[in-house]
Amino acid sequence: MEKRVMIIGAGKIGRGYLADLFGDAGYHIIFVDAFTEMVDKLNEAGKYTLFISGEGKVDKKIISNYEAYSCERDFDRVVEIIADLNIICVSLYPSAFPSVADQLSEAIKLRIKNNNKKPLNVFFFANKVFTARKMKELITERLDSEIEKNYFMENVGIIEALTVRGGVKPTDEMLAEDPLCVSSSEGRVLKVGDNIIGEKPDMPFMEYLDKMEGRLAKKVWCGNMLHCTMSAIGNYKGYKYNIECSKDNYIKNIIDKAFDEADFGVGEEFGFTQEEMLENKKHYFDVFWDCKVKDDIARLAADPMRKLSYDDRYIGPALLCLKRGKLPYFLARSAAYLLMYDNEEDTVAIKMQNMIREKGIKQAIPEICGLNLEIENENILYQLIYDNYMEICFQKN
Ligand SMILES: NC(=O)C1=CN([C@@H]2O[C@H](COP(=O)(O)OP(=O)(O)OC[C@H]3O[C@@H](n4cnc5c(N)ncnc54)[C@H](O)[C@@H]3O)[C@@H](O)[C@H]2O)C=CC1
Ligand SMILES: O=P(O)(O)OC[C@H]1O[C@](O)(CO)[C@@H](O)[C@@H]1O
C-alpha cells in the first residue's frame with residue numbers, strides 16, 4: 001500500500017522542506033492549508049517547483065504526487081483522512097495550533113468509533129519551545145470522556161521537531177517561472193523527538209533525538225533570538241536584508257553578548273554542558289550570522305509580539321539567567337530593539353506600535369512580554385527592558 005503523510009501548513013517549510021523529503025521517501029502527500037485559493041491552485045496544477053539553494057548553486061525540483069485540502073472548507077474530509085493515517089507533520093505558526101487541535105480531537109473521536117487502534121504520530125515543525133505541552137493541553141480540553149483522553153495518551157504521539165532548513169520568499173524570476181513555487185535551503189534530515197508511539201515511521205530521513213524541549217530552547221531561545229535581534233537592530237538602522245546586518249560591528253557585539261546570556265540560561269536549565277553550548281553558539285553564528293542565503297529583515301523580525309511573549313526567545317532565556325543570578329542585560333537590550341520594530345506591512349508590528357503609543361511603554365512592556373511585576377525577577381527584567389528602551393530613545397533624539 002502507498003505510504004501517506006499529511007502536511008498541515010503548506011507554506012515554505014511544509015512544501016519546501018517536508019514535502020521534499022517525504023516525496024523522496026516515496027510518500028503520497030496530503031497538504032492541508034488555510035489559504036483556500038492556493039489549495040485549489042495546487043490541485044489544479046498537480047505539481048509545483050521547489051528551488052533549493054546551496055552554496056553557490058540553486059537546484060530545481062518538481063514536486064507532484066500530492067492532493068491538497070482547505071482546513072476550514074474541507075474540515076470534515078480532513079478529519080476523515082486523519083482518522084485513517086499514521087503520520088502527520090505540522091508546519092504552522094503557534095497561533096494556528098488551536099485549529100490543529102480541533103482536527104486532531106475530532107479525528108480521535110472518529111478513530112475510536114472506527115475501532116482504529118493503530119498509532120498516530122504527529123510531528124510539529126515550529127519555532128516554539130514547549131509545543132508538545134501546549135498541544136496536549138489544547139487537544140485534551142477538546143476531548144469529552146476518559147475513554148477519549150486515554151485513547152489520546154496511548155495511541156497518539158505528539159512529537160517535537162527541529163526545523164533545520166530555511167524557507168525564504170522566492171525571487172521574482174522564480175515566481176515568473178512558476179507562481180506556485182517555493183524556495184528553501186538544502187538539507188536531508190528531519191530531526192525529531194524519540195518519543196514515538198509504536199514503531200518508528202518508514203522514513204529514512206528521520207533522526208531521533210532525546211531532550212527535545214532543551215534542544216528547541218537551544219534553537220529558538222538562542223539561535224532564532226540571534227536572527228531576530230540582528231533584524232530588529234538592522235531595521236532600526238534602516239537596513240532591509242540580513243547581509244547588511246552581518247557587516248555591522250555594533251550588531252555583532254550585542255548579539256555576541258545576548259547569545260552568551262541565552263546559552264548560559266538554557267544550558268543550566270536543560271542540562272547541557274558548556275561544550276555543547278559553545279558548539280550551539282558556533283553553529284548558529286555559522287548558519288544565521290554568516291548569511292548563506294539572502295533573507296528579508298521583514299521575515300526574520302516578523303510578528304514581534306509573539307517573539308516578545310513570555311515563553312519565547314527573549315523573556316524565556318532572560319528569566320532563566322535571573323533565576324541563576326545572572327543579569328540578562330543584552331537580552332533585555334535586544335528585546336528593547338524589537339519593541340521598536342516598526343514595519344507598515346507587518347500587522348503585528350503596527351498593533352504593537354499603536355499599543356505603545358496609546359498605553360505608553362511602561363504599561364506596554366508587561367502586557368506584551370507577559371511579565372508580572374509582583375514577581376521579583378520579572379520586575380527586574382521589566383526594568384532592564386524599560387531602561388534600555390529609554391536609553392535607545394535618548395540616543396535617537
Ligand atoms: N521559513 C523558515 O525558514 C522556518 C520556519 N520555521 C517555522 O515553521 C513554521 C511554518 O513556517 P513557514 O512555512 O515559513 O510559514 P509560511 O507562512 O510560509 O506557511 C504557513 C502556512 O500555514 C498556513 N496556515 C495558516 N493557518 C493555518 C491553519 N490554521 N491550518 C492550516 N494552514 C494554515 C498559511 O496559509 C501558510 O501557507 C513556523 O512555526 C515557523 O516558525 C522554522 C524554521 C525555519
Ligand atoms: O518567525 P520565526 O518563528 O522566528 O521563524 C523565522 C526563523 O526561522 C528560521 O527561518 C529558521 O529557524 C530563521 O531563519 C528565522 O529566524
Side-chain angles (χ1 to χ4, degrees), residues 6-20 30-39 41-42 48 53 68-75 78 88-104 123-129 131 134-135 138 160-170 180-187 190-191 216 218-232 234 242 245 255 283-284 287-309 312-314 338 341 346 348-349:
M6 178 178 282
I7 298 179
I8 307 182
K12 293 185 274 295
I13 294 302
R15 284 198 293 129
Y17 171 28
L18 303 174
D20 179 21
I30 302 149
F31 288 119
V32 175
D33 200 278
F35 187 12
T36 306
E37 200 185 313
M38 178 190 67
V39 162
K41 284 187 179 157
L42 281 171
Y48 66 87
S53 309
Y69 294 91
S70 154
C71 63
E72 278 191 21
R73 182 191 65 194
D74 307 323
F75 182 83
V78 169
I88 298 179
C89 292
V90 178
S91 48
L92 292 174
Y93 285 99
S95 57
F97 287 175
S99 98
V100 178
D102 289 341
Q103 292 155 352
L104 290 176
F123 298 87
F124 284 83
F125 291 80
N127 285 336
K128 189 73 191 166
V129 183
T131 289
K134 181 75 200 163
M135 279 314 302
L138 288 172
E160 290 172 325
L162 300 174
T163 313
V164 295
R165 258 164 81 167
V168 296
K169 203 166 89 186
L180 282 173
C181 74
V182 279
S183 171
S184 150
S185 61
E186 57 191 358
L190 294 167
K191 295 189 182 229
L216 262 170
K218 278 206 296 180
K219 178 182 189 297
V220 181
W221 289 0
C222 303
N224 292 103
M225 182 279 298
L226 178 167
H227 228 178
C228 185
T229 302
M230 76 193 261
S231 309
N242 58 347
C245 306
I255 285 175
H283 173 73
Y284 283 108
V287 177
F288 288 159
W289 181 256
D290 285 354
C291 303
K292 297 201 169 57
V293 180
K294 183 177 169 188
D295 212 341
D296 293 312
I297 281 179
R299 184 184 84 82
L300 302 176
D303 200 358
M305 283 169 80
R306 164 173 58 91
K307 291 167 180 168
L308 285 162
S309 65
D312 219 286
R313 63 207 72 185
Y314 295 101
L338 189 58
Y341 182 70
D346 187 321
V348 179

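Every heavy atom of this structure was used, including side-chain atoms; hydrogens, water molecules and symmetry mates were not. Note that the structure is a prediction, hence the values are computed from the model and not measured. First listed ligand is number 1; within each ligand, the first listed atom is number 1.
Of the possible donor and acceptor atoms, one in the side chain of Asn242 sits under 3.5 Å from a partner among the backbone N and O of Asp295. With hydrogens and angles disregarded, no donor-acceptor distance shorter than 3.5 Å links the side chain of Glu160 to the backbone of Phe123. Arg306 places no side-chain N or O within donor-acceptor distance of the main-chain N or O of Ser95, the cut-off being under 3.5 Å. No donor-acceptor distance shorter than 3.5 angstrom exists from the side chain of Ser183 to the backbone of Lys169, with no hydrogens or angles considered. The closest donor-acceptor contact from the side chain of Tyr93 to the backbone of Asp303 lies at 3.5 Å or more, if one exists at all. Distance alone, capped at 3.5 Å, places no donor-acceptor pair between the Asp296 side chain and the Arg299 backbone. Here the side chain of Asp33 pairs no donor or acceptor atom with the backbone of Val39 at under 3.5 angstrom. Looking at Asp20, its side chain never comes within 3.5 Å of a backbone N or O of Glu186 through a donor-acceptor pair.
If you check the side chains of Arg165 and Ser185, you find no donor sitting under 3.5 Å from an acceptor. Checked by atom type, the side-chain pair Asn224/Lys219 shows a donor-acceptor distance below 3.5 Å.
Between Asn224, Thr163, Asp295, it is Thr163 that holds the heavy atom closest to atom 43 (C) of ligand 1. Of the listed options Ala302, Ala96, Gly166, Ala96 places a heavy atom closest to atom 26 (N) of ligand 1.
With hydrogens left out, the protein atom closest to atom 14 (O) of ligand 1 is Lys12 CE, 3.5 Å, a heavy atom. When only non-hydrogen protein atoms are considered, atom 13 (O) of ligand 1 lies nearest to Ile13 N, 2.8 Å. Distance from atom 6 (N) of ligand 1 to its nearest protein heavy atom, with residue and atom name: Asn127 ND2, 3.6 Å. For atom 8 (O) of ligand 1, the closest non-hydrogen atom of the protein is Phe125 O, 3.5 Å. Protein heavy atom at the shortest distance from atom 21 (C) of ligand 1 is Asp33 OD2, 3.6 Å. With respect to atom 24 (N) of ligand 1, the closest heavy atom belonging to the protein is Leu92 CD2, 3.6 Å. At the shortest separation from atom 15 (O) of ligand 1 among protein heavy atoms lies Tyr93 CE1, 3.4 Å. Considering only non-hydrogen protein atoms, atom 19 (O) of ligand 1 sits nearest to Gly11 CA, 3.2 Å.
Put simply, part of Arg165 is less than 4.0 Å from ligand 1, judged by heavy atoms. Within the structure, ligand 1 lacks Lys128 among the residues with a heavy atom less than 4.0 angstrom away.
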For this session: Assess whether side-chain contact (heavy atoms from CB on, under 4.5 Å) is satisfied between Val32 and Ile7, documenting all intermediate values.
Result: CA-CA 6 Å; Val32 175; Ile7 298 179; over 6 Å; no
For this session: Kindly indicate, with the supporting measurements, whether the criterion salt bridge (charged side-chain N to carboxylate O under 4.0 Å, His left out) is fulfilled by Asp312 and Lys128.
Result: CA-CA 7 Å; Asp312 219 286; Lys128 189 73 191 166; 2.9 Å; yes
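Between Tyr48 and Phe31, the ring planes lie tilted relative to each other; the angle falls in the 30° to 60° range.
Here CG of Leu338 is found 4.5 Å from SG of Cys228. Values are rounded to the nearest 0.5 Å.
The contact shell of ligand 2, taken as protein residues with any non-hydrogen atom closer than 4.0 angstrom, comprises Tyr93, Asn127, Lys219, Asn224, His227, Phe288, Arg299, Leu300, Arg306, Lys307, Arg313.
At a heavy-atom distance under 4.0 Å, atoms from both the backbone and the side chain of Ala34 approach ligand 1. With a 4.0 Å heavy-atom cut-off, ligand 1 is reached by the side chain of Ser99 but not by its N, CA, C or O.
Between Gly167 and ligand 1, at least one pair of N/O atoms sits closer than 3.5 Å. Taking any N or O of Ser91, backbone or side chain, none lies under 3.5 Å from an N or O belonging to ligand 1.
Counting the atoms of ligand 1 from 1 in the order shown, those under 4.0 Å from a heavy atom of Arg299 are 1 (N), 2 (C), 3 (O). Against a heavy-atom cut-off of under 4.0 Å, Phe35 is close to the following atoms of ligand 1: 35 (O). Every atom of ligand 1 with a heavy atom of Ala126 under 4.0 Å away is listed here by number and element: 39 (O).
Nearest heavy-atom pair across Leu162 and Tyr17 is O-OH, 4.0 Å.
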